[in-house]
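Just below is one structure, and these are the notes that go with it.
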Amino acid sequence: MSKVGIIMGSTSDLPVMQEAIDILKGFDIEVEVDIVSAHRTPEKLFDYGKNAHERGFSVIIAGAGGAAHLPGMIASLSPLPVIGVPVKSRNSIDGWDSVLSILQMPGGVPVATVALDGAKNAGILAAQIIGASDKCVLDKILVYKEGLKQKVIKGAEEVKNR
């Protein structure tokens with residue numbers, strides 16, 4: 001069974017990151033959630049990044065606000081795919097500092113980056129990565145996507161019938 005590590009810089013990021021937790025649990029993918037601060041607990045960050053693949057994770061989702069070094073630092077240490085979630089925090093410059101800190105990674109250290117506060121999409125992307133080699137997860141993603149399609153079709157019908 002695949003497992004996704006979801007980490008964030010502080011508990012204040014949890015309301016945003018909860019969307020990734022919820023969507024992955026909806027796909028029956030195991031998640032392990034932790035607080036790992038790039039600036040306040042660098043030893044924990046190094047241990048997490050260097051050992052995540054040995055702990056059974058398939059993907060890491062890392063959310064951070066402000067300077068948002070967490071996703072990039074984890075990606076520099078881990079061989080696993082890392083998905084960064086920029087979080088608009090109270091000390092953020094409209095979230096752009098977080099977006100750019102995660103997005104602008106140097107060559108050789110990729111971080112897949114979703115929209116500001118886009119943890120739901122990070123969860124879906126993690127499931128799709130796992131689904132590329134796990135048919136059970138892939139089937140759940142197909143059902144989910146069909147549900148999205150049906151919601152749009154239903155909405156279109158409702159608009160036409162007004």
Side-chain angles (χ1 to χ4, degrees), residues 1-38 40-65 68-89 98-99 101-152:
M1 180 172 184
S2 297
K3 180 167 64 168
V4 174
I6 298 179
I7 56 176
M8 61 205 86
S10 71
T11 55
S12 64
D13 300 328
L14 185 57
V16 169
M17 299 305 289
Q18 188 65 49
E19 291 192 32
I21 297 165
D22 293 343
I23 197 83
L24 287 164
K25 286 183 176 181
F27 290 130
D28 296 320
I29 295 172
E30 183 181 350
V31 297
E32 184 177 301
V33 182
D34 203 353
I35 305 295
V36 180
S37 172
R40 294 177 295 260
T41 59
E43 297 87 359
K44 184 175 183 179
L45 176 137
F46 271 71
D47 180 62
Y48 191 97
K50 286 196 168 281
N51 297 306
H53 65 286
E54 294 173 358
R55 294 177 51 210
F57 294 117
S58 299
V59 180
I60 299 169
I61 299 173
H69 291 119
L70 180 61
M73 288 301 298
I74 288 294
S76 76
L77 296 163
S78 180
L80 298 175
V82 175
I83 303 168
V85 179
V87 176
K88 185 175 181 184
S89 57
S98 303
V99 171
S101 293
I102 297 171
L103 186 67
Q104 293 295 101
M105 292 301 296
V109 188
V111 175
T113 309
V114 296
L116 185 64
D117 291 344
K120 182 176 183 178
N121 275 351
I124 294 167
L125 180 56
Q128 289 175 318
I129 291 168
I130 292 167
S133 61
D134 182 328
K135 180 152 177 21
C136 183
V137 172
L138 179 62
D139 289 344
K140 290 174 185 174
I141 292 166
L142 290 168
V143 168
Y144 176 80
K145 295 236 177 203
E146 180 62 27
L148 294 176
K149 174 182 164 186
Q150 292 305 318
K151 186 176 179 180
V152 171

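One is the number of the first residue; the rest follow in order along the sequence.
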message: Tell me the closest heavy-atom pair linking Ile61 and Met17, and the distance in Å.
response: CG2-CE, 3.7 Å
field: Sidechain-backbone polar pair: Asp117 side chain, Lys88 backbone, donor-acceptor under 3.5 Å
entry: yes
query: If you measure from CG on Leu24 to OG on Ser2, what distance do you get to the nearest 0.5 Å?
result: 10.5 Å
- line: Note: Cys136 and Asp134 closest approach over all heavy atoms is N-OD1, 3.0 Å
query: Of all heavy-atom pairs between Ala68 and Pro71, which one has the smallest distance, and what is that distance?
result: O-CD, 3.6 Å
field: Ser58 side chain reached by Ile129 side chain, heavy atoms, under 4.5 Å
entry: no
field: Main-chain N/O of Gly131 paired to Lys140 side chain as donor or acceptor, under 3.5 Å
entry: no
message: On a heavy-atom basis, which atom in Ala52 and which in Ser78 lie closest, and how many Å separate them?
response: CB-OG, 4.5 Å
task: Give, for atom CD of Glu19 and atom CD1 of Ile124, the distance between the pair rounded to the nearest 0.5 Å.
output: 9.5 Å
task: Answer whether the closest heavy-atom distance between the side chains of Leu125 and Gln128 falls below 4.5 Å.
output: yes
task: Work out which heavy atom in Ala64 is nearest to a heavy atom in Asp13; give both atom names and the distance.
output: CA-OD2, 4.1 Å
- prompt: If only atom types and distance count, is the side chain of Ser76 paired as donor or acceptor with the main-chain N or O of Met73 below 3.5 Å?
  reply: yes
Minimum heavy-atom distance between Tyr48 and Val36, given as atom pair plus value: CD1-CG2, 4.3 Å
statement: One should read off an interatomic distance between Gln18 CD and Lys25 NZ, to the nearest 0.5 angstrom, of 7.0 Å
message: Does any part of the side chain of Phe27, heavy atoms only, come nearer than 4.5 Å to the side chain of Ile130, both counted from C-beta?
response: no
message: Checking the side chain of Ser98 only, and the main-chain atoms of Val87 only, is there a donor and an acceptor separated by less than 3.5 Å?
response: yes
query: Roughly how far, to the nearest 0.5 Å, is the CG atom of Leu14 from the CD1 atom of Ile35?
result: 6.5 Å
- request: Side-chain contact test, heavy atoms from C-beta onward, threshold under 4.5 Å: evaluate it for Lys120 versus Asp22 and give yes or no.
  value: no
task: Give a yes or no on whether the backbone of Ser37 and the side-chain of Thr41 come within a donor-acceptor separation of less than 3.5 Å.
output: yes
query: Hey, does Leu77 have a side-chain heavy atom less than 4.5 Å from the side chain of Leu45?
result: yes
